[in-house]
Participant: 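Dumping the structure here so I can ask a few things about it.
Whatever order the structure lists ligands and atoms in, that order sets their numbers, starting from 1.
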Amino acid sequence: MGFRADVLRALEGALGADVAAAGDLDAALTTPPKIEMGDLAFPCFALAKVKKKAPPAIAAELAATIAPTGAIAKVQALGPFVNFHADPAKQLDDLCQRLVDGRFDAEARTDAPARVMIEFSQPNTHKLFHVGHLRNVVLGDALVRAFRARGHDVVAANYYGDFGIDVAKCLWWIRTRPEETVPVEHRIAWLGSCYVRATQLVAELEESDPETATTTKASIREVLRGMEEGDPEIRALYEETRQWCLDGFQAIYDQLDVRFDHDFFESQVEHEGQAIVDEQLAKGVFVESQGAIICDLTEEGLGACLVRKGDGASLYMTWDLALARRKFDDFDVERSMYVVGSEQRHHFQQLFATLARMGYERAKDCRHVAYELVMLPSGKMSSRKGTAIPLHVLWDTVRDAIRTRMESEGRDERAGWDATRWNETVERVVVACLKYGMLHVTNNRRVVFDVEAWTNPEGDTGAYLLYALARIAGIQRKAEGPVPTLADGVQDGGASEGEAFGHETERALLGHLLTWPDVLARMESTCEPAVVATFLFDATKLFSRFYAACPILKAPEPLRTARLQLVNATEAVLRRGFEVLGLPVVDAM
Ligand code: ARG
């Protein structure tokens with residue numbers, strides 16, 4: 001805050017008795033539209049009345065009385081504004097110190113830390129884990145990381161869909177087709193195909209042979225009952241296949257470096273949900289309607305919320321009633337966030353309205369964070385039609401593209417890499433490309449998966465960001481002689497004659513790095529990782545401009561030290577952004 005604090009102090013001094021009329025000085029300061037115009041600007045409009053002068057005249061008067069001190073290098077009147085130019089070397093020195101002593105991160109934290117639960121991923125067992133599920137995982141994980149960086153106490157929660165009629169369909173298919181062999185690899189995908197084939201069969205029978213359709217549906221319901229009531233054979237099959245899925249999901253989370261603090265399961269909240277329905281039915285909050293039980297939300301404009309089916313079975317909504325309460329009761333959270341696709345918007349509106357009807361005050365602390373679908377350039381994916389891409393296929397496609405590209409460019413850094421080093425680096429680039437590809441699109445826009453666009457090392461991609469980090473590490477490696485660490489700061493930005501620190505590209509990069517605390521705050525308030533993705537992409541572009549325009553290692557001292565510190569500070573801030581988005585890092589590529 002060195003420069004800004006100096007500006008405020010200088011303004012207060014120059015304004016003297018008029019300071020009260022000027023209002024909140026800190027809030028009044030703006031950033032000039034062009035960096036050549038200065039780093040901060042003070043508009044003089046509010047002073048026109050007391051001073052009985054036109055704003056440009058006031059600006060000229062103030063500019064003439066303020067002498068450059070501290071981090072202020074130059075003061076200039078520009079129309080109705082007083083523009084302040086920072087001394088870039090002092091500003092950089094200040095940034096280095098704040099990065100080292102923790103003030104920079106402290107500034108990025110909220111004044112109102114809370115205990116927050118973020119529920120995300122929530123895959124269904126016995127169904128394919130596809131590309132769309134990846135968007136949820138990386139979005140939810142980025143929110144967890146961002147909320148933590150902001151100083152909140154976050155409980156990262158998963159909620160597995162491991163129960164219900166869809167699971168029963170899958171098990172029914174397996175039981176009625178004992179001749180099918182279970183694959184050793186990609187068992188989740190196979191279970192998903194059993195579910196899809198059972199669903200398709202029922203749909204076909206409904207067209208061609210309604211009688212068989214009815215008996216088939218009855219035997220699927222039998223399987224569900226077996227699951228519920230503990231039929232040993234069905235239970236055993238259920239437990240085994242469920243575990244395959246949970247193990248498979250865990251492997252995906254490990255690959256993505258995603259961790260949960262707590263796992264909820266639909267199977268766990270089933271009974272509790274039913275109990276809530278009985279309780280609310282007795283209170284008259286829920287009512288019977290055509291044999292089923294509903295919460296009437298006509299007044300809220302949300303129609304009837306079905307909480308129990310006519311046959312007495314509970315459903316997705318029933319379980320969510322129990323889950324919502326558990327989150328507050330068992331975890332003592334102040335806020336509860338649900339990261340779920342926007343196609344479930346109505347479901348969550350109904351859920352929160354129903355909780356409110358139940359008199360549950362915490363309903364107001366629940367929030368649905370919605371996001372759009374993932375598409376292929378050829379259009380929408382559908383699990384049922386078999387056009388959804390399984391995650392492992394996407395992963396392999398991206399890996400092939402990255403490996404081919406990396407192998408085609410001979411780089412000195414990679415000479416002598418063994419297979420382990422190669423594989424590990426490729427894998428990190430793959431994860432960065434997958435996550436960044438999902439995260440740089442705002443939540444309300446569809447993500448289109450396009451392998452070329454996602455892996456282009458010169459495009460808006462994870463690979464491009466990693467190249468920048470690798471290049472920074474390369475500069476630090478290549479430096480002969482003393483390399484300053486951030487703690488050394490910048491004593492001097494350059495000689496009075498000759499080149500000094502403060503080239504336009506240096507100031508632009510520095511100015512951008514300084515916005516990080518605001519960027520993180522904005523990601524929290526909007527729940528948009530794209531805010532941070534854009535920040536990182538811009539930082540990387542600004543770094544490339546600086547690198548192209550300014551020699552670093554060959555610069556004379558003290559300019560060399562200042563430039564190396566700008567490189568160090570860029571690295572430090574980029575790493576914070578990478579951490580928040582959950583992107584892996586590399587030091588060579
Ligand atoms: N498993 C569900 C699905 O795939 C999503 C669960 C979302 N969370 C919730 N509390 N309803 O549709």
Side-chain angles (χ1 to χ4, degrees), residues 116-141 143-144 155-170 188-189 191-192 195-196 199 242 245-246 248-249 252-253 258 260-270 272-273 276 295 302 305-307 314-331 333 335-355 360 362-363 365-374 381-384 388 390-391 443 527:
V116 184
M117 180 170 281
I118 303 182
E119 182 212 290
F120 67 104
S121 191
Q122 317 111 326
N124 298 322
T125 65
H126 305 82
K127 279 188 194 169
L128 187 70
F129 194 103
H130 59 69
V131 176
H133 294 111
L134 181 64
R135 183 171 193 183
N136 186 312
V137 182
V138 299
L139 165 59
D141 181 53
L143 292 177
V144 168
V155 184
N158 205 335
Y159 176 48
Y160 294 96
D162 64 339
F163 203 76
I165 194 74
D166 288 355
V167 177
K169 278 184 193 164
C170 170
I188 304 182
L191 290 171
Y195 157 73
V196 168
T199 309
R242 175 180 179 275
C245 299
L246 298 180
F249 298 148
I252 294 170
Y253 300 141
V258 168
F260 294 92
D261 301 307
H262 187 76
D263 291 333
F264 292 107
F265 296 90
E266 287 182 355
S267 59
Q268 267 173 358
V269 283
E270 212 266 282
E272 217 171 303
I276 292 178
C295 181
L302 293 169
C305 175
L306 184 65
V307 293
S314 62
L315 52 142
Y316 184 52
M317 181 61 86
T318 326
W319 312 329
D320 256 329
L321 295 174
L323 178 71
R325 283 218 304 213
R326 268 212 189 185
K327 287 178 174 178
F328 291 99
D329 293 352
D330 296 356
F331 293 87
V333 294
R335 279 150 71 193
S336 171
M337 296 168 53
Y338 297 74
V339 181
V340 185
S342 54
E343 71 281 1
Q344 293 196 28
R345 189 163 279 135
H346 186 67
H347 169 81
F348 284 101
Q349 286 172 340
Q350 283 201 329
L351 171 63
F352 303 154
T354 301
L355 290 168
Y360 191 59
R362 310 310 301 269
D365 302 319
C366 296
R367 170 166 179 202
H368 173 207
V369 179
Y371 63 88
E372 273 299 325
L373 295 173
V374 178
M381 293 187 289
S382 151
S383 311
R384 300 231 173 132
L391 181 58
N443 298 343
C527 287

Participant: Does Asp365 reach the main-chain N or O of Ser336 with its side chain, forming a donor-acceptor pair under 3.5 Å?
Facilitator: no
Participant: Among protein heavy atoms, which sits nearest to atom 1 (N) of ligand 1, and what does the distance come to when rounded to 0.1 Å?
Facilitator: Asn124 OD1, 2.8 Å
Participant: Between Gln122 and Gly161, is there a donor-acceptor pair closer than 3.5 Å when you use the side chain of the first and the backbone of the second?
Facilitator: no
Participant: Could you check atom 8 (N) of ligand 1 against the protein and tell me its nearest heavy-atom contact, residue, atom and distance included?
Facilitator: Glu119 OE2, 2.8 Å
Participant: Asp162 side chain to Arg242 main-chain N or O, any donor-acceptor pair under 3.5 Å?
Facilitator: no
Participant: Does Val307 offer a backbone N or O that forms a donor-acceptor pair with the side chain of Thr318 under 3.5 Å?
Facilitator: yes
Participant: Say whether Tyr316 and ligand 1 are in contact under the criterion: heavy-atom distance to a ligand atom below 4.0 Å.
Facilitator: yes
Participant: Indicate whether the side chain of Asp330 and that of His262 have a donor and an acceptor atom separated by less than 3.5 Å.
Facilitator: no
Participant: Treating Asn158 as the side-chain partner and Asp263 as the backbone partner, does any N or O pair qualify as donor plus acceptor under 3.5 Å?
Facilitator: no
Participant: Among all protein heavy atoms in this structure, tell me which lies nearest to atom 10 (N) of ligand 1, with the distance rounded to 0.1 Å.
Facilitator: Asp320 OD1, 2.7 Å
Participant: With a 6.0 Å cut-off on ring centres, are Phe352 and Tyr338 close enough?
Facilitator: yes
Participant: Show the atoms of ligand 1 that are less than 4.0 angstrom away from any heavy atom in Tyr159.
Facilitator: 8 (N), 9 (C), 10 (N)
Participant: Less than 4.0 Å is my threshold; does some heavy atom of Tyr160 fall inside it relative to ligand 1?
Facilitator: no
Participant: Quick one: look up the protein heavy atom nearest atom 12 (O) of ligand 1 and list residue, atom name and how far away it is.
Facilitator: Gln344 NE2, 2.8 Å
Participant: Just let me know how Phe348 lines up against ligand 1, side chain, backbone, both or neither, with a heavy-atom cut-off below 4.0 Å.
Facilitator: side chain
Participant: Counting only heavy atoms, which portion of Tyr338 has something under 4.0 Å from ligand 1: side chain, backbone, both, or neither?
Facilitator: side chain
Participant: Distance under 4.0 Å to a non-hydrogen atom of Leu323: what atoms of ligand 1 satisfy this?
Facilitator: 10 (N)
Participant: Lys127 near ligand 1, heavy-atom distance under 4.0 Å?
Facilitator: no
Participant: Would you confirm whether the ring centroid of Phe260 sits within less than 6.0 angstrom of the ring centroid of Tyr160?
Facilitator: no
